[in-house]
Amino acid sequence: MPATLLTETLVADMLKEQIDVTKLPQHIAIIMDGNGRWAKSQGKHRVFGHKNGVQAVREASEACAEIGVPYLTLYAFSTENWNRPKTEVSALMELLILTIGREVKTLQKNNIRLNAIGQLDLLPDSCKKALDKAIRETSANTRMTLTLALSYSSRVEITDMVKSIAEKVKNNELNPSDITPEIVHNHLYTHDLPDPELLIRTSGETRISNFLLWQIAYAELCFIEKYWPDFSREDLYAAICEFQNRERRFGMTSEQILSE
Ligand code: FPP
């Protein structure tokens, strides 16, 4: 094993030992950012960065499943990403189809359920088919739910939620005074997922970029100064350690939290 890889493995093991597995974030959401800049820094085309990002997707998913995180959500393609050059969009769609097809066996082996959120009808047919097939085939898996946010926009999700609640009010199925945060949650694309407790963004950017705006109300945010293709299990474990070292007060005082 090369020396750098050996050091990374040792660091990852040391960090893993520090994690309290009884206090894991139940849902980790990741904004995978920096594929383009990673490729550019090596004088390569942006698509080269996306291709190398797949390995980091695998690494993050395996590390989460192994340690016992039950929900992982990855921001793989935003609604705004449709505005990128046609060639990049096509390459990303092809990469998705290829990766989903290739990884389904590994998902089965690791008992991981694949899920997707977003305006999935906007995806090309071939991509939608590959996705539906993988979702169907992994639907009985219970160890972890891996959700891909595809053609996703939080503002569109919130708008869709408002439309579906308004429709119920119009049909006298729901009284406006009965609308609670729980009812809102039940009408979001993520109705069957708990809220993320830890949100990670790579590439050093400190923005949320229209991702899970309602759901991350109480998430701990962790910004990592590495481009996505360089993200490793060591980074994931370090983020979980940081999460466990933070005091989550949910609006209460420090004293109240400590006396609980
Ligand atoms: C952000 O980097 C990344 C994306 C828009 C796509 C993420 C896709 C992958 C990691 C590959 C396949 C994914 C799956 C789930 C199989 P960027 O292009 O915005 O980078 P930049 O900010 O440096 O331009």
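Order of appearance sets the numbers: ligands from 1, and atoms from 1 within every ligand.
Contacts between Arg46 and ligand 1, counted as non-hydrogen atom pairs separated by less than 4.0 Å, involve the side chain only.
Checked for salt-bridge contact, Lys163 and Glu167 miss the test: no charged N lies under 4.0 Å from a carboxylate O. Ion pair Asp132/Lys128 flagged as a salt bridge, since at least one NZ, NE, NH1 or NH2 atom sits closer than 4.0 Å to an Asp/Glu carboxylate oxygen.
Looking only at side-chain heavy atoms (C-beta outward), Met93 and Phe77 come within less than 4.5 Å of each other.
Distances from atom 17 (P) of ligand 1 to the heavy atoms of Arg102, Met32, Arg37, Arg84 put Arg84 nearest. The closest non-hydrogen atom to atom 16 (C) of ligand 1, taken over Asn81, Thr202, Thr99, comes from Thr99.
Although no hydrogens or angles enter the test, the distance criterion places no donor-acceptor pair under 3.5 Å between the side chain of Asn115 and the main chain of Leu146. Remark: side-chain polar atoms of Trp228 are not paired, donor with acceptor, to backbone N or O of Asp33 under 3.5 angstrom. Remark: the backbone N or O of Cys241 is not paired with any side-chain donor or acceptor of Gln244 at under 3.5 angstrom. Distance alone, capped at 3.5 Å, is enough to place a donor-acceptor pair between the Asn111 side chain and the Thr142 backbone.
Of the protein's non-hydrogen atoms, the one nearest atom 12 (C) of ligand 1 is Val54 CG2, 3.9 Å. The shortest contact between atom 10 (C) of ligand 1 and any protein heavy atom is with Asn35 ND2, 3.5 Å. Ranking protein heavy atoms by distance to atom 13 (C) of ligand 1, first place goes to Val57 CG2, 4.2 Å. When only non-hydrogen protein atoms are considered, atom 11 (C) of ligand 1 lies nearest to His50 O, 3.6 Å. Closest to atom 15 (C) of ligand 1, if we only count protein heavy atoms, is Leu148 CD2, 3.7 Å. Of the protein's non-hydrogen atoms, Ala76 O, 3.3 Å is the one closest to atom 6 (C) of ligand 1.
Paired with Leu72 under the rule side-chain contact (heavy atoms from CB on, under 4.5 Å), one option of Ile30, Leu148, Thr147 passes, and it is Ile30.
Residue contacts with ligand 1 leave out Leu74, since none of its heavy atoms falls under 4.0 Å from the ligand.
Within the listing of ligand 1, atoms 10 (C) sit less than 4.0 angstrom from a heavy atom of Trp228.
Between Gly36 and ligand 1, at least one pair of N/O atoms sits closer than 3.5 Å.
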